[in-house]
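Just so it is clear, the model here is predicted, and its values are computed rather than measured. Residue numbers start from 1 in every chain, and the chains themselves are labelled A, B, ... in the order their sequence lines are given, proteins ahead of strands.
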Amino acid sequence: MPEIRVYNTLSKTKEPFAPLRAPAVGIYLCGPTVYAEAHIGHMVGPVIFDTIKRYLTHNGYQVTLVVNITDVDDKLIAQSRKRGVPMSQIATEMTADYMANLKELGVNQIDYMPRATDHMDDIIQFIQCLESQGYAYAVDGDVFFEVGKDKSYGELSNRSTDQQQGEGGDAAARKRSPSDFALWKSAKADEPAWDSPWGRGRPGWHIECSAMSHRILGETFDIHGGGLDLMFPHHENERAQSTCCHNAPMVKYWMHNGLMRAGNKGKVGGKNDRDPATESVAEQTEGKISRSKGGGGLAELIRRQTGERLRFFLLRTHYRSTIVFNDEALAEAGTSLEAFYRFFDRFEELTGTSFYDLSAAENREAGAIDPAGDKVLEEAAGLREKYFAAMDDDFNTGAAISVLFDLLRTMNRHIDQSGLDKNTAADSPARATLLSVAGVLRELTSLLGLFVKPVPAAAGGDDGDSGLSDQLMDLLIELRKTARQNKDFATSDAIRDRLAEIGVALLDKKDGTTWERTS
RNA sequence: GGCGACGUGGCCAAGCGGCUAAGGCAUCGGAUUGCAAAUCCGACAUCCCGGGUUCGAAUCCCGGCGUCGCCUCCA
């Protein structure tokens, strides 16, 4: 098995990936607290871990990926009051929004999405486990974790306990130390509540992750992921809870993805002439993206940009680095994606087969190709190696994607140089070579969750009269063809220019002219 | 104040001590095309600054400057 290396936040180094119970791998990714619509930043973790699971699976591992939904929390209660609807309704709505966004981005590798409210028994048992071992104490219906009892507390986020502020408010008086945090919060009269040994109440923020990861993945599991902003206090507290309850390490590898930032890098013309009415959310709020700053509306963003473009945009950069997000950057990602779509068209024209219908290799070994002296295949085999080397190295999707472009060039060059066209014999070696290399591209892009299905036709379609548009276009192309044959280029160019003005591009190719919408 | 990340061509972005510093966007040449588009070929960086370690550093260390994040809710 090839060596995969993973950056572990706990050790601050890349470590060889050696799962506890290979080939089984357990991954727990912190999902959202569902009190508001998701924003683009919420997708970074799901996309990278979806990709990581695809990659590990391809390498022979059997991965269980868990993404939790935290559906009970102070913010949900606040939202519930504000809107005058039950907390559960808000949770249901926002969970649906989150899942719809995941689907649009091609995130389909998640095995479990446990909800905190479905695991109250596990949560209560977990707190009892801590209480019985002296790590937790109850005061007037609240239960707190005593941070001072955990000697390894702070190791993950690299802080000492005397730096901790801990939550203030009315709970402060009941805590033994300011850095202690709530495991269970007693409920006020109008708050959602569950019965517990300490009275009616609800879980604190971190305990649901400890309880649910334990329930599904066990006391110690392989990978725990989440955004960098969760490292403290969330993950530090989770780790303390789980480690103390089980007297065993919680996680072998802690992986944290970088955060996304909104910004105007180009800023030609400065900020003054921006029109808030037409700007995206990202442009309006420079700096950190968060719900409290108005982030959100991801569904709308997806509608404008397509999920694939967003996924590609996220994968272009290494998962641990900060991504500056704005419409220009997204547009650039879209532009570079076009080269693939054009190739897919070209491929289909030449082979009569849709790239999307090619089947990806089952696993890493099965995908290997035998060049048998073919220069083009040798090149492709080398590029495939390069791709895997990049992915083996802490899932370097950015470097891996560069290989995709190399592969594209290899194939286009091969088509150009071999003179392949749609009349080439089906059993010609040049065709076979193209199909082999395309097979590699299919394998490598599937691993990134890219190009799994054709992009929907350009927005603003023809609705009812698409048949008519096609017929009109056929007519215009026919007329222009005649003009060109008569060397009447003034007419042929006029047709093309006028069509361009109304958003239709004509593309003259070897064996005919095609058209497409440009706006 | 404490902790941490980052600074690579016009822009984005790989690189983790040693091949000619990936790839994308943009730009400029060339092939191809009636002209375009697409495609292919080629051009375009010594890596924020200053020291140091080393036979050798974009890559390690120290010191600056700059940007950003966490320390309170946050993917």
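With no hydrogens or angles considered, no side-chain donor-acceptor pair links A/D73 and A/T33 at under 3.5 Å. Judged purely by distance below 3.5 Å, without hydrogens or angles, the side chains of A/T445 and A/R442 pair a donor atom with an acceptor atom. A/R5 and A/N396 share no donor-acceptor pair across their side chains, judged by distance under 3.5 Å alone. Using modelled atom types, one finds a donor on one side chain and an acceptor on the other under 3.5 Å when comparing A/Y341 with A/E308.
Heavy-atom contacts from other residues, nucleotides or ligands closer than 6.0 Å to CZ of A/R176 number more than 12. Taking a 6.0 Å sphere around CZ of A/F489, one finds it holds more than 12 heavy atoms contributed by other residues, nucleotides or ligands.
Nucleotides B/C47 and B/A22 are separated by 15 Å at their P atoms, to the nearest Å. Taking the P atom of each, B/C40 and B/G23 are spaced 13 Å apart, rounded to whole Å. Atom name C1', nucleotides B/A38 and B/U33: the rounded distance is 11 Å, in whole Å. Nucleotides B/U27 and B/A45 have their C1' atoms positioned 15 Å apart, rounded to a whole Å. Between the P atoms of B/C41 and B/U46, the separation comes to 24 Å (whole Å). Rounded to whole Å, the P atom of B/A58 lies 15 Å from the corresponding atom of B/U8. Annotation: B/C28 and B/C44 have their C1' atoms spaced 9 Å apart (nearest Å). Here, B/G7 and B/C60 have their P atoms 10 Å apart, quoted to the whole Å.
Partner of A/F451 under the ring-ring contact (aromatic ring centres under 6.0 Å, His included) criterion, out of A/F340, A/F343, A/F312: A/F340 alone.
An OP1 or OP2 oxygen of B/A38 is reached within less than 4.0 angstrom by no side-chain nitrogen or oxygen of A/N412. Not one side-chain nitrogen or oxygen of A/W515 sits closer than 4.0 Å to the OP1 or OP2 atom of B/A37.
Remark: the A/R159 side chain and the B/C70 base include no donor-acceptor N/O pair separated by less than 3.5 Å. For B/C73, the base has no donor-acceptor partner in the side chain of A/D74 [N/O atoms by modelled type, under 3.5 angstrom].
Checking B/C35, B/U39, B/A22 against every side-chain atom of A/D508, the shortest atom distance belongs to B/C35. Counting only heavy atoms from C-beta on, A/D229 has its side chain closest to B/C74 among B/A22, B/C40, B/C74. Closest to the A/R342 side chain, of the nucleotides B/A37, B/A38, B/G34, is B/A38. Here B/C73 is the nucleotide among B/C73, B/A22, B/G34 with the atom lying nearest to any side-chain atom of A/W205.
The residue A/G226 sits close only to the backbone: its heavy atoms come under 4.0 Å of sugar-phosphate atoms, none of a base. Nucleic acid contact for A/M43: none, since no nucleic acid atom lies under 4.0 Å from a heavy atom of the residue. Among the heavy atoms of the strands lying under 4.0 Å from A/G31 are primed sugar atoms or P, OP1, OP2 only; no base atom is included. At the heavy-atom level, A/L506 lies under 4.0 Å from base atoms of the strands shown.
Applying the salt bridge (charged side-chain N to carboxylate O under 4.0 Å, His left out) rule to A/E208 yields no partners; only residues at least two apart in sequence or on another chain are considered. Scanning for salt bridge (charged side-chain N to carboxylate O under 4.0 Å, His left out) contacts around A/D111 gives A/K53, with sequence neighbours left out. A search for salt bridge (charged side-chain N to carboxylate O under 4.0 Å, His left out) contacts involving A/E379 returns A/R413, not counting sequence neighbours.
For B/G4, the paired nucleotide is B/C68, the pair qualifying as Watson-Crick or G-U wobble because both relevant distances are below 3.5 Å. Base-pair partner of B/C35: not found among the strands shown (Watson-Crick or G-U wobble, both distances under 3.5 Å). Across all strands shown, B/C40 forms a Watson-Crick or G-U wobble pair with B/G30, both key distances being under 3.5 Å. Searching all strands for a Watson-Crick or G-U wobble partner of B/C25 with both distances below 3.5 Å returns B/G10. A 3.5 Å limit on both hydrogen-bonding distances identifies B/C62 as the Watson-Crick or G-U partner of B/G50.
Computed from coordinates, the A/Y7 OH to B/G4 P distance equals 11 Å when rounded to whole Å. Distance, A/N101 CG to B/A75 C1': 13 Å, rounded to whole Å. What separates CG of A/L420 from C1' of B/U39 is a distance of 14 Å, to the nearest Å. Atom-to-atom, CZ of A/F325 to P of B/A75 comes out at 17 Å; the value is rounded to the nearest Å. Distance, A/L156 CG to B/C3 C1': 13 Å, rounded to whole Å. Atom pair A/N326:CG and B/C11:C1' shows a separation of 11 Å (rounding to whole Å applied). One interatomic measurement links the two molecules: CD of A/E338 to C1' of B/G23, which rounds to 18 Å at whole-angstrom precision.
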Between the protein and nucleotides 41-44 of chain B, list every N/O to N/O distance that falls short of 3.5 Å.
unit_1: B/C41; atom_1: OP1; unit_2: A/R413; atom_2: NE; d: 2.8
unit_1: B/C41; atom_1: OP1; unit_2: A/R413; atom_2: NH2; d: 2.6

Write down the protein N/O and nucleotide N/O pairs, taken from nucleotides 13-17 of chain B, whose separation is under 3.5 Å; answer none if there are no such pairs.
unit_1: B/A14; atom_1: OP1; unit_2: A/H318; atom_2: N; d: 2.8
unit_1: B/A14; atom_1: O3'; unit_2: A/N396; atom_2: ND2; d: 2.7
unit_1: B/G15; atom_1: OP1; unit_2: A/N396; atom_2: ND2; d: 2.3
unit_1: B/C16; atom_1: N3; unit_2: A/K14; atom_2: NZ; d: 2.3
unit_1: B/C16; atom_1: N4; unit_2: A/K14; atom_2: NZ; d: 2.8

Distances under 3.5 Å only, N/O to N/O: pair up the protein atoms with those of nucleotides 25-29 of chain B.
none

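Electrostatic pairing of A/R384 and A/E443 counts as a salt bridge here, judged by a charged N lying under 4.0 Å from a carboxylate O.
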Show the numbers, then the answer: is there a side-chain hydrogen bond (donor to acceptor under 3.5 Å, both in side chains) between A/T117 and A/R115?
-> CA-CA 5 Å; A/T117 54; A/R115 291 157 218 256; over 6 Å; no

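Aromatic rings of A/H42 and A/Y98 (six-membered ring for Trp) have centroids beyond the 6.0 Å cut-off, not under it.
Contact record, A/I207 with A/L183: CG2-O, 3.7 Å, taken as the closest heavy-atom pair.
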